[in-house]
Asker: 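Before I ask anything, here is the structure I am working with.
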Amino acid sequence: MDINKEIKKLEQVHLEKPEKVFTMYLNTDPSDPDQQGGEWKIHLKNGLNNFESYLKEEDDSDEKRNYWAVKEKVEQFIEENEQNFAKSVVVIATADDTIWFAERFQMPVKSEFYWEETPQLDQLKKMQEDFPKTGIVLTQKEQVKVIDAELGQLKDTQLFELDLDTDDWRQHQGPHRAQASMGSGGAKNSKQDQFQERFEANRYRWYKSLAPKLDKLAKDYGWQQFYLVGDKEELKDLSDNMNKEPKDMVNKNLLDHEEMHIIEEVIQ
């Protein structure tokens, strides 16, 4: 999903009675003190029923039918996805399915419901502004992980591993657990020392050869900002050789951590 394209498309929506568009921002954040008992279910029920009560007083049976059609789809989406909720749910929908935007996000929202001629996009735009297309590049000696994220969500993962026999970087796409580095344990001390010496002697050259690949990924993903995470000397080597300037350099070893934990640790 390209959120910029989605927002631009939604900005063009202008309907006339009896057609209307439903917009819902639902706070489902389990860490929110106001959500400890799953209060979002009450907010959802009240939000949906408020429009039903209002429409019962109206004479427009076509608008009622449209709302009921949307309500049924929203309730079905909630039922199918509630086991996987994160911090929020955003749904923007019309009865005829010309508009159907339904996403779970790792960013908080204020619960709001609308049934109007145009979608209400302020919170969605604020989320996009707070967390644009973002890259995280993590280094750990001969392994470099790349995370692509947007709106608090993991979009893609790449792992580069240096082949010590050829001095070439091998690229793996998708979720991929990094192997323990020879330089960080798992081998005999002499092997570790030999690797460490070789790594320090060649580090700058090896990272310089990787930098263009990372610049290409940054362009392909359309990153508006990116972070470098790892050993400060390794980060300096990469930063010196990349065209794109990092927003921040974080001196932590997080490469082996789960991707969503990394996103929250580095950005939020």
Side-chain angles (χ1 to χ4, degrees), residues 1-11 23-32 35 38 40 43-44 73-74 76-93 99-112 119-138 144-160 171-178 214 217-229 244 246-248 250 252 254-268:
M1 177 190 64
D2 185 326
I3 195 66
N4 283 324
K5 283 185 182 174
E6 292 292 337
I7 288 174
K8 282 175 183 168
K9 186 172 80 173
L10 291 167
E11 283 177 329
T23 305
M24 177 183 81
Y25 295 94
L26 186 64
N27 174 9
T28 57
D29 185 356
S31 66
D32 186 329
Q35 293 290 334
W40 64 264
H43 294 148
L44 174 67
K73 289 173 199 162
V74 172
Q76 184 179 343
F77 175 80
I78 296 293
E79 188 178 324
E80 290 173 357
N81 291 278
E82 66 175 290
Q83 297 304 316
N84 300 311
F85 282 172
K87 292 187 178 179
S88 62
V89 177
V90 179
V91 177
I92 300 172
I99 301 295
W100 177 253
F101 176 94
E103 294 287 338
R104 295 167 283 121
F105 292 111
Q106 283 283 355
M107 298 186 71
V109 299
K110 176 186 174 189
S111 292
E112 293 179 333
Q120 293 298 314
L121 304 175
D122 287 354
Q123 285 204 69
L124 196 58
K125 288 178 178 177
K126 180 71 166 61
M127 289 163 71
Q128 203 275 334
E129 186 182 302
D130 289 346
F131 198 146
K133 285 283 284 178
T134 299
I136 304 174
V137 177
L138 304 105
V144 174
K145 181 187 279 188
V146 175
I147 291 174
D148 179 48
E150 184 178 26
L151 294 176
Q153 290 178 300
L154 174 68
K155 310 296 286 186
D156 197 14
T157 308
Q158 307 260 1
L159 182 70
F160 291 90
Q171 185 174 354
H172 311 275
Q173 184 160 16
H176 189 93
R177 281 286 152 257
L214 298 177
L217 276 184
K219 184 179 179 184
D220 292 346
Y221 283 132
W223 289 344
Q224 292 167 268
Q225 60 183 26
F226 86 106
Y227 296 80
L228 287 175
V229 183
K244 196 169 178 66
K247 179 172 182 177
D248 194 14
V250 181
K252 289 183 180 179
L254 300 175
L255 186 135
D256 293 326
H257 290 235
E258 194 269 329
E259 280 81 5
M260 283 309 304
H261 171 78
I262 294 168
I263 290 171
E264 290 176 7
E265 178 86 7
V266 174
I267 299 168
Q268 297 178 333

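No hydrogens, no waters, no symmetry mates; every other heavy atom, side chains included, goes into these values.
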Asker: Can you find a pair of side-chain heavy atoms, one from V266 and one from D248, that are under 4.5 Å apart?
Answerer: no
Asker: Between M127 and S88, what is the shortest heavy-atom contact and its length?
Answerer: CE-OG, 4.3 Å
Asker: Looking at L154 and E259, what are the two nearest heavy atoms and their distance?
Answerer: CD2-CB, 3.8 Å
Asker: Counting only N and O atoms by type, is there a donor-acceptor contact under 3.5 Å from the side chain of K145 to the main-chain atoms of L255?
Answerer: yes
Asker: Could you check if a side-chain atom of L214 sits within less than 4.5 angstrom of a side-chain atom of F226, using non-hydrogen atoms only?
Answerer: no
Asker: Enter the distance from I263:CD1 to E150:CD here, rounded to the nearest 0.5 Å.
Answerer: 11.5 Å
Asker: Drop me the distance from K110's NZ to H43's NE2, to the nearest 0.5 angstrom.
Answerer: 11.5 Å
Asker: Would you please test M107 and Q123 for side chain to side chain contact (heavy atoms under 4.5 Å, CB included) and show each step?
Answerer: CA-CA 11 Å; M107 298 186 71; Q123 285 204 69; over 6 Å; no
Asker: Where is the tightest heavy-atom contact between L26 and W40, given as atom of each residue plus distance?
Answerer: CD2-CE3, 3.7 Å
Asker: Is any NZ, NE, NH1 or NH2 atom of the basic residue among K126 and D130 found under 4.0 Å from an Asp or Glu carboxylate oxygen of the other?
Answerer: yes
Asker: What distance separates H257 NE2 from L138 CG, expressed to the nearest 0.5 Å?
Answerer: 9.5 Å
Asker: When rounded to the nearest 0.5 angstrom, what is the spacing between CG in L10 and NZ in K5?
Answerer: 14.0 Å
Asker: Applying side chain to side chain contact (heavy atoms under 4.5 Å, CB included) to W100 and V91, what does each step give before you reach the verdict?
Answerer: CA-CA 7 Å; W100 177 253; V91 177; 4.0 Å; yes
Asker: Roughly how far apart are M260 CE and I147 CD1, rounded to 0.5 Å?
Answerer: 9.0 Å
Asker: Name all residues meeting the side-chain hydrogen bond (donor to acceptor under 3.5 Å, both in side chains) criterion together with Q158; count only those two or more places apart in sequence or in a different chain, and write none if there are none.
Answerer: Q171, Y221
Asker: Going by the side-chain contact (heavy atoms from CB on, under 4.5 Å) test, name the single residue among D32, D29, V109, N27 that passes it with K87.
Answerer: D29
Asker: Which heavy atom of L228 sits nearest to which heavy atom of P246, and what is that distance?
Answerer: CD1-CG, 4.0 Å
Asker: What heavy-atom pair brings A218 and K244 nearest, and what distance separates the two atoms?
Answerer: CB-CD, 3.9 Å
Asker: Looking at D122 and Y25, what are the two nearest heavy atoms and their distance?
Answerer: N-OH, 4.1 Å
Asker: Verify, without hydrogens or angle tests, whether Q153 (side chain) and F105 (backbone) share a donor-acceptor contact under 3.5 angstrom.
Answerer: no
Asker: Mind checking the CD-NZ spacing from Q128 to K133? Nearest 0.5 Å is all I need.
Answerer: 10.5 Å
Asker: Just so I know, are the side chains of I3 and F101 near enough to count as touching, which here means a heavy-atom distance under 4.5 Å?
Answerer: yes
Asker: Do I262 and V229 have side-chain heavy atoms sitting under 4.5 Å apart?
Answerer: no
Asker: May I have the list of side-chain donor-acceptor pairs in residues 77-86 shorter than 3.5 Å, sequence neighbours left out?
Answerer:
residue : atom : partner : partner atom : Å
E80     : OE2  : Q76     : NE2          : 3.0
N81     : ND2  : F77     : O            : 2.8
E82     : OE1  : K41     : NZ           : 3.4

Asker: So do the side chains of Q106 and F131 get within less than 4.5 Å of each other, counting heavy atoms only?
Answerer: no
Asker: Check whether any side-chain heavy atom of L217 lies under 4.5 Å from a side-chain heavy atom of D148, and answer yes or no.
Answerer: no
Asker: Q120 vs E112, test: side chain to side chain contact (heavy atoms under 4.5 Å, CB included). Steps then yes/no.
Answerer: CA-CA 10 Å; Q120 293 298 314; E112 293 179 333; over 6 Å; no
